[in-house]
Amino acid sequence: MDILISGGRVIDPGSYDGPGDILITAGRIAAVTPAAAPGAPERASTDSRSGVKVIDASGKIVVPGLIDLHVHLREPGFEHKETIATGCRAAVCGGFSAVCCMANTRPVNDSPAVTEYILAQAAKAGLARVYPIAAVTKGLEGRLLCDYRELKQAGAAAVSDDGRPVLDSRIMRLALEQASQHKLLVISHSEDLTLSEGGVMNEGAAARKLGVAGIPNASESIMVLRDIALSELTGAPVHIAHVSTRESVRAIRDAKARGVPVTAETAPHYFALTDESVLRHGADAKMSPPLRSEQDRLAVREGLADGTIDCIATDHAPHAPDEKAAGLTQAPNGIIGLETAFPISLRLVDEGVLSLPQLIAKLTLNPARILGVPCGLTVGAAADIAILDPCAEYVIDAAMFKSRSRNSPFCGMTVRGKAVSTIVGGQVVFEDNRAA
Ligand code: DOR
Ligand code: ZN
């Protein structure tokens with residue numbers, strides 16, 4: 001069925017920001033027209049066309065579907081935490097029409113068979129687009145490079161050992177060289193394990209108060225600096241995942257100024273929270289890299305504002321309640337993020353860090369460019385669209401999550417902003433009827 005999205009504020013980063021109607025035919029955008037005044041003849045005639053589903057988007061913003069460069073869907077192997085179907089359900093509820101899933105599954109996504117399995121499960125779910133990220137090294141062990149040619153052929157969109165760093169600099173150099181030959185971006189989980197091992201949270205006052213071992217900022221920035229050096233050496237692009245420290249922001253800013261092909265993402269928790277949150281939320285505020293200091297939080301926001309940090313990704317990392325209940329030291333790293341990313345990020349607009357179109361770019365066009373996938377509301381493009389209500393106010397409640405897991409430090413927080421409709425390839429895959 002054709003769809004007409006009518007009366008919203010259309011924001012297509014870099015191209016258009018204003019009132020507009022969008023017509024979707026056969027899964028594609030057929031027309032984008034500045035909205036007619038209410039009651040104007042053109043609008044009335046369009047509305048009365050038969051066979052058209054009209055979505056009233058007045059008071060809402062209409063944007064390209066959000067794209068998340070960094071999620072953990074846990075399938076195959078950890079289906080008790082999340083499946084591709086439940087993770088994709090969470091994605092579309094959060095306004096995401098596409099997610100990139102990390103390779104730290106069981107088995108690891110280091111073979112065409114696993115990449116193809118993920119794509120098949122995603123097709124079966126029929127919700128968000130899924131771009132599988134394959135491993136850099138076999139078994140994420142940091143020793144033997146994967147066969148990038150066959151992974152690319154199978155549908156891998158990038159490579160990363162995320163969850164673990166590629167500790168050996170020579171292996172990382174070879175990975176950059178070989179992956180770039182196959183047009184695969186290397187995404188770096190920047191962590192020097194010799195500095196972070198045994199650490200439970202950020203090194204600082206909160207860790208001392210809790211009497212647990214800390215993880216210093218340098219464990220991240222040393223590897224960010226190394227990967228920038230290796231990108232410079234090889235000429236291959238590198239993408240820095242989940243930037244959390246001021247030193248990393250500075251290093252990436254300097255590298256970009258020199259013309260190094262480095263890009264970067266951060267996650268909402270790094271610009272919304274500090275390590276103080278661990279005192280209140282315990283293991284639900286434990287992730288890798290850890291929440292940092294207020295100075296770091298402010299630096300991450302500056303990095304977003306000046307373009308040093310290109311995009312916002314969630315690092316959605318579901319874990320089962322009993323796993324997170326194991327205590328701060330024993331609990332696994334990670335928090336879920338797909339269903340809270342938009343409201344948490346919208347605060348950047350309220351607080352004057354980014355304009356609304358800049359924020360939308362960091363959730364849509366910028367990640368799409370980094371990954372080399374289509375994005376935008378131009379005529380002829382696949383209709384991947386999110387309709388967002390920037391005004392809806394509510395308390396984040398674990399019971400609302402479609403994710404199979406509940407591990408979020410944002411529960412109980414009053415926020416504004418939610419997805420009310422998500423469209424992928426012209427299909428309405430999420431509709432919040434309460435908000436309609
Ligand atoms: O907090 C994290 N959780 N960081 C990672 O790098 C891995 C992820 C996971 O897989 O749970
Ligand atoms: Zn990571």
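In each ligand, atom 1 is the first atom listed, and ligand 1 is the first ligand listed. Quick caveat, the model's predicted, so the values are computed rather than measured. Sequence positions, counted from 1, serve as the residue numbers for this chain.
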How about Lys402: does its NZ atom have over 12 heavy atoms from other parts shown lying under 6.0 Å from it? no
Can you sort out which atoms of ligand 1 are near Asn104, meaning under 4.0 Å from one of its heavy atoms? 9 (C), 10 (O)
Within the side chain of Ser277, is there an N or O that forms a donor-acceptor pair under 3.5 Å with the backbone of Leu273? no
Report, in ascending order of atom number, the atoms of ligand 1 lying under 4.0 Å from any heavy atom of Gly163. 5 (C), 6 (O), 7 (C)
More than 12 heavy atoms of other residues, nucleotides or ligands under 6.0 Å from CZ of Arg170: yes or no? no
Ligand-residue contact atoms, ligand 1 with His319, heavy atoms, under 4.0 Å: 11 (O)
Are Arg297 and Phe271 in a cation-pi contact, defined as NZ or CZ under 6.0 Å from the six-membered ring centre and within 45° of the axis? no
Closer than 4.0 Å to some heavy atom of His189 - which atoms of ligand 1 meet that? 6 (O)
So the protein N/O/S atoms within less than 2.8 Å of the Zn ion (ligand 2) come down to Asp162 OD1, His189 ND1, His242 NE2
For His70, the ring pair (Phe, Tyr, Trp, His ring centres under 6.0 Å) test, sequence neighbours excluded, returns His72, His242
Sub-4.0 Å atoms of ligand 1 with respect to non-hydrogen atoms of Ala317: 3 (N), 8 (C), 9 (C), 11 (O)
Heavy atoms from other residues, nucleotides or ligands near CD of Glu150 exceed 12 (cutoff 6.0 Å): yes
Output yes when the distance from some N or O of ligand 1 to some N or O of Pro289 is under 3.5 Å, and no in every other case. no
Distance filter under 4.0 Å to Asp162 heavy atoms, resulting ligand 1 atoms: 6 (O)
Donor-acceptor pair, distance only, cut-off 3.5 Å: does the side chain of Gln330 make one with the backbone of Leu328? no
What protein heavy atom sits nearest atom 3 (N) of ligand 1, and how far away is it? Asn333 O, 3.2 Å
Sub-4.0 Å heavy-atom contact, Arg74 with ligand 1: yes
Can you sort out which atoms of ligand 1 are near Met287, meaning under 4.0 Å from one of its heavy atoms? 1 (O)
Can you establish whether the number of heavy atoms outside Arg89 located under 6.0 Å from its atom CZ is more than 12? no
For the side-chain hydrogen bond (donor to acceptor under 3.5 Å, both in side chains) test, which of Arg404, Glu323, His319, Arg74 pairs with His80? Glu323
Have a look at ligand 1 and work out which part of His72, if any, has a heavy atom under 4.0 Å from it: side chain, backbone, both or neither. side chain
Among non-hydrogen protein atoms, atom 4 (N) of ligand 1 lies closest to Ser288 O, 2.8 Å
Just checking Gln427: does its CD atom have more than 12 heavy atoms from other residues, nucleotides or ligands closer to it than 6.0 angstrom? no
Does the structure place the NZ or CZ of Lys418 under 6.0 Å from the centre of the six-membered ring of Phe342, at an angle of no more than 45° from the ring's axis? no
Could you tell me whether Arg369 atom CZ has more than 12 heavy atoms of other residues or ligands within 6.0 Å of it? no
